[in-house]
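Below are the structure tokens for one structure; questions will follow.
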Amino acid sequence: MGIPMTAFATLVVGFLIFGVALQHTGGGAFFLNLAFALLGTRRGGPAKVSIFSSGLMGSMSGSVITNVLTTGVLSIPAMKKTGFKSSYAAGVEACASTGGVLMPPVMGATAFVMATFLEIPYSEIIIAAAFPSILYYFGLFMQIDAYAARNQLKGLPKKELPSIKKVLKEGWYFIFVFVMLILMLLYMQREAQAPYYATATLLIINQIVKIHRWNYQKFLDFVESVGRLFSELAGILVAIGLIIGSLTFTGKIGTITYALVNFAGDSIIILLIMGALTSFILGIGMTVTAAYLFLAVTLAPALTGSGLDKVAVHLFMLYWGMISFITPPVAIGAFAAASVAGANGIRTGIEAMKLGSVIYFIPFFFVLNPALIGRGSVYDIFVVFFSAVIGIIFISSSLQGYLIGLGDLKKAKYLEWPIRIMLGFSGILMALPGGEVTGYSNYEINIFATILFTLPISYLLILKIKKI
């Protein structure tokens, strides 16, 4: 059965049990209430709650649809209540839930399979995945903030929200268990044992604290959920193991790799575009784990053979395999969120594409310069990451028509769209890491991007001063 079942037996089982235990002990409700308590009163608060809660829930469950149907039933109505359009609210939830599967430390089953396939510690995958995941959620947050500011959308009244003190008092142990898990993964390097210790600690505390204490029926429900999840995932991984085995023993993997490299010629960019499209198409018809495994044995050798970083290549395929969840015409995550919001599925998919636009660029950025996934010197990592943050601010401003500190871009009147285009292009350049493939250093690209965005910002500043 090969790599898929090896990963399942050694790593995946423990984290699946931990994820199910969190959900059955009230972890989902805790993270949602914590998000409402922290962010609910801010402009666009319910949408920001969706980002926070869905990111944490998705990291636990590893399923986009499960994430949408658990957090979305509360966050989407709250968004609509504060003035968000149905399709926009559903798009926010679809993007937040999709990103949750890419958020460490759990990340669904795929990250564990990746660690087994690459024969590296799982902690290395967590660290590498954290950087692009933070950038993705930052881009989503900035777009929501800009949209809320432009449309003057306020948060929820404080009296309707849970108290932060009460939430933490009732669910402090969820944070404790998460911190414990991360420490065991990153500091103690106990990937295989960490989820079992975390699960045992969680269940013991849960039985001591009255609010979520299990009776015999709740324990049976937990066991049933674990068994159902095991059987579903094991069935998929066994089948994929057989496919990979057949490709390996018949020698077809080398043929596919050779054909891809031959078609792309000497262009790494063309090879990456082909890889992105292949990952996207396979992500439509297969689960993310299945699509990743197929690509890992067929496409990855062609990309790594071109000199690209192995971890970056495998994360690239994972990201592009996930993109189909928010991209029409399929957009399963967007359609699930649309059903909760009572919105049009295709319109929700378009909103989700716009909101999650950063996810289309980030994989290319970190595969071209692995410093964006924390693989490089501290200086390189800082420069590339900081530049990406600035770039994402301008990309978000371009898409939503609102720039922090300068306000609504509509005030530029007929120059609004030229300014938005210039901001968007300069943002992409700012986020684009330098290197051998691009042919320019980070410094050169940042200088050009700075010159480009200085023009529209100067004009907006003049308008603001005149108005004052």
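All of these numbers come straight from a predicted model, not from anything done at the bench. The first residue in the sequence is number 1, and the count goes up from there.
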Is I395 close to L399 at the side-chain level, that is, under 4.5 Å between some pair of heavy atoms?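 Touching, per the 4.5 Å side-chain cut-off.
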If you apply the rule side-chain contact (heavy atoms from CB on, under 4.5 Å), what do you find for W320 with F364, and how did you get there? CA-CA 10 Å; W320 271 94; F364 285 96; 3.5 Å; yes
How long is the span from the CZ atom in F18 to the CG atom in L202, to the nearest 0.5 Å?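 Rounded to the nearest 0.5 Å, the CZ-CG separation comes out at 6.5 Å.
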Check whether any side-chain heavy atom of L22 sits under 4.5 Å from a side-chain heavy atom of T199, and report yes or no.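 Of all side-chain heavy-atom pairs linking T199 with L22, none is under 4.5 Å.
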Does R213 reach the main-chain N or O of Q207 with its side chain, forming a donor-acceptor pair under 3.5 Å?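 Yes, the answer is positive, given that a donor and an acceptor are paired below the 3.5 Å cut-off.
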Verdict with supporting geometry, S387 and N446, side chain to side chain donor-acceptor pair (under 3.5 Å): CA-CA 7 Å; S387 298; N446 289 349; 2.9 Å; yes
Let me see the working for S396 and Q143 under side chain to side chain donor-acceptor pair (under 3.5 Å), right down to the final yes or no. CA-CA 5 Å; S396 303; Q143 285 213 64; 5.0 Å; no
I'd like to know if K81 pairs up with E160 as an ion pair, taking the criterion as any Lys NZ or Arg NE/NH1/NH2 lying under 4.0 Å from an Asp or Glu carboxylate oxygen.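 Looking at E160 together with K81, the answer is yes, because their closest N to O distance falls below 4.0 Å.
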Does atom CZ of R42 have more than 12 heavy-atom neighbours, drawn from other residues, nucleotides or ligands, at distances under 6.0 Å?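 12 or below, so no.
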Ring centroids only, cut at 6.0 angstrom: are F366 and Y319 within range, meaning strictly under it?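 Ring centres of Y319 and F366 closer than 6.0 Å.
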Salt bridge check, D145 against K48: does any charged N sit closer than 4.0 Å to a carboxylate O?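 The answer is yes: the pair qualifies as a salt bridge.
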Between the side chain of Y292 and the main-chain N/O of H314, is any donor-acceptor distance below 3.5 Å?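 Side chain of Y292 to backbone of H314, a donor-acceptor pair under 3.5 Å: no, none is there.
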Which atom pair, heavy atoms only, marks the closest approach of T348 to S87?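 The answer is OG1-CA, 3.7 Å.
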Output the distance between atom CD1 (I51) and atom CD (E93), rounded to the nearest 0.5 Å.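 That separation rounds to 10.0 Å.
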When rounded to the nearest 0.5 angstrom, what is the spacing between CG in L355 and CD1 in I326?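 Here the interatomic distance stands at 8.5 Å.
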Classify the angle between the aromatic ring planes of F222 and W214 as parallel (below 30°), tilted (30 to 60°) or perpendicular (above 60°).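 Geometry flag for W214 against F222: tilted rings.
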Once you round to the nearest 0.5 Å, how far does CZ of F176 lie from OG1 of T201?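 Nearest 0.5 Å value for the CZ-OG1 distance: 6.5 Å.
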So, do L308 and L272 sit near enough that their side-chain heavy atoms are less than 4.5 Å apart?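 Result yes, sub-4.5 Å side-chain heavy-atom pair found.
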For Y88, which of K354, K80, E351 qualifies under side chain to side chain contact (heavy atoms under 4.5 Å, CB included)?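 That would be E351; it is the only one of K354, K80, E351 passing the side chain to side chain contact (heavy atoms under 4.5 Å, CB included) with Y88.
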Could K310 and E119 be called an ion pair, given the rule that one side-chain N must be under 4.0 Å from one carboxylate O?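 Between E119 and K310 there is no salt bridge, as every charged N stays at least 4.0 Å from the carboxylate O atoms.
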What is the distance from atom CG of L318 to atom OG of S279, rounded to the nearest 0.5 Å?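 If I round to the nearest 0.5 Å, the distance is 9.5 Å.
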Can the ring centres of F219 and H24 be said to be less than 6.0 Å apart?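 Judged by ring-centre distance (under 6.0 Å), F219 and H24 do not meet the cut-off.
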Donor-acceptor under 3.5 Å (R43 side chain, G155 main chain):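 Judged by distance alone, no pair lies under 3.5 Å.
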Using atom types as modelled and distance alone, determine if a side-chain donor or acceptor of N369 lies under 3.5 Å from a backbone N or O of V384.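 Flag not set: sc N369 to bb V384 has no pair under 3.5 Å.
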Looking only at non-hydrogen atoms, find the nearest pair between A90 and A337 and report the distance.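 Minimum heavy-atom contact is O-CB, 3.2 Å.
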How many angstroms lie between CD1 in I373 and CD1 in I362, if you round to the nearest 0.5 Å?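 So the gap between those two atoms works out to 12.5 Å.
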Looking at side-chain heavy atoms only, is the closest gap between L277 and M274 below 4.5 Å?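 The answer is no, as the side chains (C-beta and beyond) never meet within the 4.5 Å cut-off.
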Is there side-chain contact between F365 and I428, with heavy atoms separated by less than 4.5 Å?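 Yes, their side chains come closer than 4.5 Å.
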List the residues meeting side chain to side chain contact (heavy atoms under 4.5 Å, CB included) with F36, not counting sequence neighbours, and say none if there are none.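 F36: side chain to side chain contact (heavy atoms under 4.5 Å, CB included) contacts with L32, V49, A78, L156, L161, P162.
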Would a 4.5 Å heavy-atom cut-off, applied to side chains only, mark K210 and E170 as touching?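 They are not in contact (no side-chain heavy atoms under 4.5 Å apart), so the answer is no.
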Is there side-chain contact between F31 and F178, with at least one heavy-atom pair below 4.5 Å?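 The answer is yes, as the side chains (C-beta and beyond) meet within the 4.5 Å cut-off.
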Would a 4.5 Å heavy-atom cut-off, applied to side chains only, mark V311 and L118 as touching?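 Side chain of V311 against side chain of L118, heavy atoms only: contact under 4.5 Å found.
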Using ring centroids (six-membered ring only for Trp), state whether Y147 and F84 fall under 6.0 Å.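 Yes.
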